[in-house]
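Letters A, B, ... are given to chains in the order of the sequence lines, protein chains preceding strands, and every chain is numbered from 1.
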Amino acid sequence: MLKRAHYWALGIVTVLTLLLLNLPPSAAGRLKLAVSGVFLPLFGLAGSGQSFVDRASYSLLTRRTLISEVERLQQENGQLRLTATQAQDAMNENARLRAMLGWQPKNPWKRHPAHIVGREPTTWWRSVTIDFGARDGAQINQPVITNDGLVGRIRAVGPTHSEVALIGDPECGVSAIVAETRDNGVIQEARSSAVGDGHVTFRTLQNSVNMMAGHHVLTSGLGGIFPKGIPVGQIADARTVEGGLYTEARLRLAANLNRLEEVWVLVP
Amino acid sequence: MNWITSLLLFLVMWLTVFASTQFAPLAGWVGVPLSLVPGLIVYAALTNHLLLTTGLCVFAGLGLDALSANRLGVSVMPLFLAGFFIQHRRHLILREQAYAQFWLGFATAVFAPVATLMIMSLGQREPLHGWSTVWQLALSGGINGLLCPAWFLLFDALRRTFDYQPVAESSFRADRQIKRGRL
């Protein structure tokens, strides 16, 4: 038998839940930010702890390891300088040709580094929290990448942190193109693979007989969120679906979303 | 339970909610984000009064929603219902027994996400779920079930440290003893 106090508790929590679930999205977003502010000291503490552990691990490296690492980085730096010079020449040429044809000039995207400071505590969304907020210039829908490939887009922005919807989340559809066959398609998440195993589903807009395992998939630039040409992943296998109307492929993501530590936010 | 141990319960819940966003290596290994909140709700419901249990469920639900992509408030009702039911029926539960604690932790860790998924399915954003969700629920249930007796051990130790412990007076008094012997 329920006592009066139980009825009161049940009533209050029910009313509170209904109120919260029926808040307008903007008010709910602001309230969510306010509640997450309660955990800001812990985010700061976790970040400091992580950097302390990193510094401590650096001090354990031997001199020989450091010297060989410096030599490797110097070699890589030299190669990258050469590639950057060639890329700059190509960009200048591209800009001149665009000007001659009267096309809009292409502005390169700036990259801002960010650290992963939190992961999604539930299994039904795919998102991470980064230490790059509104005060750093974060805005909703900015693309997030790693050196390997696309990660996702910023979904919500707080003063010091932002929430990133990862590829495969229902709210992070990506328009992509197969580099080898130029087939256009969209990346979506298969409902049955909620565990992040590094694969997502890629569906072409028409049947493609030429698409094969190993082909590279890049962002197509359609949709206006992701710039064209960011690597997304490689085709693992492909099959025809819906009576031969479409081709559906499993795409092995280029960026390992389970091992993310540092990412780049692209700012136009 | 005095106000210090109640405050400690909120403090541990605060840390636990935050910790569920920080188990990246472990979560990546088992393929499941891990939340230790349900086990703590079971402990609170079995040992505390309704007001504290309700406050803790609301705090945990709001915290989990704020740190995830959930709509704010969607986790509050499932956690509260679990805590409410256990709190209401605790006189029938063998709460001192570890196996009872295990099964309550297991059941709460399975019930709360399933109820949250059901509430979210009523909305516009459809969450990701499939057969692999069953594996996630089983694993989360097992971990929370195992952890539930550990919460009891931890908070019992804290209670012994901070709560008032009445001194058990002995009825023995030396001046009231009957002395036998030769007169």
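- For a residue to count as touching a neighbouring chain, one of its non-hydrogen atoms must lie under 4.5 Å from one of that chain's; by this rule B:Thr54 touches chain A with the side chain only.
- Contact count versus chain A (heavy atoms, under 4.5 Å) is highest, among B:Leu50, B:Asn70, B:Val17, for B:Asn70.
- Chain B forms the most heavy-atom pairs under 4.5 Å with one residue out of A:Leu16, A:Thr17, A:Val128, A:Leu18, and that residue is A:Thr17.
- Using bins of under 30°, 30° to 60° and over 60° for the plane-to-plane angle, the ring pair B:Phe18/A:Phe39 lands in the parallel bin.
- For B:Leu72, the parts lying near chain A are the backbone and the side chain together; criterion is any non-hydrogen pair under 4.5 Å.
- With values rounded to the nearest 0.5 angstrom, B:Leu117 atom CG is found 7.5 Å from B:Leu137 atom CG.
- For chain A, the nearby parts of B:Val74 are the backbone and the side chain; heavy atoms of each come within less than 4.5 Å.
- Electrostatic pairing of A:Arg126 and A:Glu120 does not count as a salt bridge here, judged by no charged N lying under 4.0 Å from a carboxylate O.
- Between A:Phe132 and A:His161, the distance from one ring center to the other does not fall under 6.0 angstrom.
- In this structure, B:Asp65 CG and A:Ser36 OG are separated by 11.5 Å, a value rounded to the nearest 0.5 Å.
- Most heavy-atom pairs under 4.5 Å with chain A: of the set B:Ala69, B:Gly61, B:Ala66, B:Gly73, this distinction falls to B:Ala69.
- Both the backbone and the side chain of A:Ala9 come within less than 4.5 Å of a heavy atom in chain B.
- In this structure, chain A has no heavy atom under 4.5 Å from any part of B:Ser75.
- Only the side chain of B:Ile119 comes within less than 4.5 Å of a heavy atom in chain A; its backbone stays farther off.
- In this structure, CH2 on A:Trp124 lies 8.0 Å from OG on B:Ser68, to the nearest 0.5 angstrom.
- B:Asn144 contributes a side-chain N or O that, together with a main-chain N or O of B:Ser35, makes up a donor-acceptor pair within less than 3.5 Å.
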